[in-house]
Number of protein chains: 2
Amino acid sequence: MQEAAEFKLQGRATINDIARIAKVSKKTVSRVINDSPLVKQRTREVVKAIIAELGYTPDPQARALALRRSFLVGLVYDSPSPQYVVNMQRGILDALEDTDFQLVLRPVSRTDANYPGRLRQFIQHHKPFGLILPPSVSEDEELSQMFRDHDVDYVRIASGMLDAPARMILTHDGEGAAQAARHLCALGHTDIAHIHGPESFRCAHERRSGFQRGLAEAGVTLHPELTVEAGYTFDSGLLAMERLLYGKRRPTAVFAGNDEMATGVYVAVRKAGLRIPEDVSIVGFDDTPIAGRLWPALTTVRLPIREMGHAAARLLLDQAAGIEREEVTSFTPEIIVRESTAAPLR
Amino acid sequence: MQEAAEFKLQGRATINDIARIAKVSKKTVSRVINDSPLVKQRTREVVKAIIAELGYTPDPQARALALRRSFLVGLVYDSPSPQYVVNMQRGILDALEDTDFQLVLRPVSRTDANYPGRLRQFIQHHKPFGLILPPSVSEDEELSQMFRDHDVDYVRIASGMLDAPARMILTHDGEGAAQAARHLCALGHTDIAHIHGPESFRCAHERRSGFQRGLAEAGVTLHPELTVEAGYTFDSGLLAMERLLYGKRRPTAVFAGNDEMATGVYVAVRKAGLRIPEDVSIVGFDDTPIAGRLWPALTTVRLPIREMGHAAARLLLDQAAGIEREEVTSFTPEIIVRESTAAPLR
DNA sequence: CTGAAAGCGCTTACAG
DNA sequence: CTGAAAGCGCTTACAG
């Protein structure tokens, strides 16, 4: 059996097969697999050649058991926008392709008081390799503390510097919002409204203050009665816009805190019998696929969500490889002018 | 140490802790965990009580190694519609919640000739508990054969009876398409176009033939020049509609094979300066979230995608539990009449 | 109905 | 630079 296996392997090869054929110990094979420097160059080459020849790949379950750490990367999200989630998934999968890591989905509800408890159970039980946290999950300090306590790697995607550079993907949401403001002011708008996301999302604040800053540069002020809070969802955007349309001063332009809400704004404007952009100009945020599918196509602030997901996963792989990282990875959004904005009719 | 652990466990409890405290062997604890009938009632109760008290849960990595099978459920998809994918994920996650199973994402490209090879590598390597296959991946016979050869459970979601009932979620796409036809005919349309999905998708055939059948009932025929193929994507839907609008006979109503393409149809109609539904009535298929976000809201054939995902995951859990299933699980779509359809102006 | 031993395929101190 | 032994936390025949 021992000898026969050298020629014909039943099933997949194991570390023992490699060791036997290479005439070294399993330990040495293990060292080669794990890129330990403590292996003689010649030995390493021989082992690698045999690994390649047999198409051997170490069993992830066995490694997980021995390392007390699985090869799962969890995406923990509570995003109300499905488009955001899909794009992020794509980016992460791009980075994880051809690695041993698998992406697992962990949607959570921050309104569920026990959501950190459920997550703790998940990490204790499945010992994920790492976690990726988009907003607003990324903004929960207690959660990150818990991950550190349990020694699990994570990357936070947020619009503020909440953590060490190696654990952060920083997005300059404020700058993107300021661009939206400059665009609308340049067109000549002065009665400008802003529908922002929920107070519980930090990026909602960033976008609002960036927008205000941009307006201020042009000498325009954001009136409180033209500033309304919504929930980053289609329905809440629609409702918020209806409130604005029937308020005492009707805006000629609206900046919605994300594309989902902007989509709701479209419907409210249409239902009121008004035209886009002639009667109302609309700007969104994110540039999710829906932006280009609307008619007229939505002018929006593009956040490269897929690339952000890719970068977050890369960061996790770097942490594992022990690569130190001093500079923070950051993304600055950029306005994409389409057809939903024009000069006001006056 | 041995004794101390009885009172204070460092880290999480293991099967050894349970066995020691219950004064039985690990094997007996293992039997209780795996619901073996070969345990005396009294013993089972004692062990279960201790498991509950310590909040013990068996380590998935260790079980995976011993069972040669992991606790991952893979979603293998090539759907061009992101909304479809998100809904399906939600349904699967609903069913997997509070189980040990994790959902992993395996997007594939059927145009990549080596895609079965990549999947084989995944199943050999990660030994997933089971796979869920929505269209069009579900329609690949060779793939299913490979899964059977490798002894991995799977569930196919398709519009035809391609497999054993225990491995199928059947959708009656043809019936849904027939409803769309009846709806348009009842409104008085006779010049009706159909933009169908790619020939490589079985459901595209089903929808087309069901639509034709529905039209035939009302004595309406589907003219070849009003039948065009597209790719189930927004862009392809837009292009297809433009071809129809500038063809020799302009339809008063269009049935698009999915909502994504219907969204493209909206834009083509708008760009041509025509109104919805006055000049052109539009019907979609799927009832993804975008249907309700369009203006006017899209009349579409609702396929309960989330529920289908849930049912597929349930089927997988049933297979694992050894539950035999004779009847097939099936879903019949239903038309949701919204605002994008009306009588032709004539 | 129950248990002692061996094994799943890796890695981790510990020696040398 | 390399190896023999023990261990990660489970399950699987095999006995009794």
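In what follows, chains carry the letters A, B, and so on, assigned in the order in which the sequence lines appear, proteins first and then strands, with residues in each chain numbered from 1.
Counting all heavy atoms, side chain and backbone alike, B:Lys48 lies closest to B:Val32 at CG-CG1, 3.8 Å.
For the pair B:Leu67 CG and C:dG9 P, the computed distance is 13 Å after rounding to whole Å. Atom-to-atom, NZ of A:Lys26 to C1' of C:dT12 comes out at 12 Å; the value is rounded to the nearest Å. Rounded to whole angstrom, the span from the CZ atom of B:Arg68 across to the P atom of D:dC10 amounts to 16 Å. Counting to the nearest Å, the P atom of D:dA15 and the NZ atom of B:Lys27 are 16 Å from each other. When the C1' atom of C:dG7 is taken as reference, atom CZ of B:Arg63 falls 17 Å away, rounded to whole Å. Between the CG atom of A:Asn16 and the C1' atom of C:dG7 there is a distance of 11 Å, given to the nearest Å. When rounded to the nearest whole Å, the span between CG of B:Asp59 and C1' of C:dC10 equals 14 Å. For the pair A:Lys23 NZ and D:dG3 C1', the interatomic distance rounds to 16 Å; values are reported in whole Å.
In this structure, C:dA4 forms no base pair with any nucleotide, since neither Watson-Crick nor G-U wobble geometry is met with both distances under 3.5 Å.
Comparing B:Leu65 and B:Thr28 by the nucleotide of DNA chain C whose heavy atom lies nearest to each, the residue mapping closer to the 5' end is B:Thr28.
Among A:Leu315, A:Val328, A:Leu133, A:Ile132, the single residue meeting the side chain to side chain contact (heavy atoms under 4.5 Å, CB included) criterion with A:Ile169 is A:Leu315.
In terms of phosphate contacts, B:Ser25 brings a side-chain nitrogen or oxygen within less than 4.0 Å of OP1 or OP2 of C:dG3. Checking the phosphate oxygens (OP1, OP2) of D:dT2, a side-chain nitrogen or oxygen of A:Thr43 falls inside 4.0 Å. Close to C:dT11, at under 4.0 Å from its OP1 or OP2, lies a side-chain N or O of A:Ser30.
Between the side chains of B:Gln121 and B:Arg118, no donor N or O sits under 3.5 Å from an acceptor N or O. For the residue pair B:Ser200/B:Arg110, the side-chain donor-acceptor check at 3.5 Å is not satisfied.
Under a 3.5 Å cut-off, the side chain of B:Arg69 and the backbone N or O of B:Phe129 do form a donor-acceptor pair.
Counting only heavy atoms from C-beta on, A:Ala66 has its side chain closest to C:dC10 among D:dC10, C:dC10, C:dG3.
Among the heavy atoms of the strands lying under 4.0 Å from A:Lys40 are primed sugar atoms or P, OP1, OP2 only; no base atom is included.
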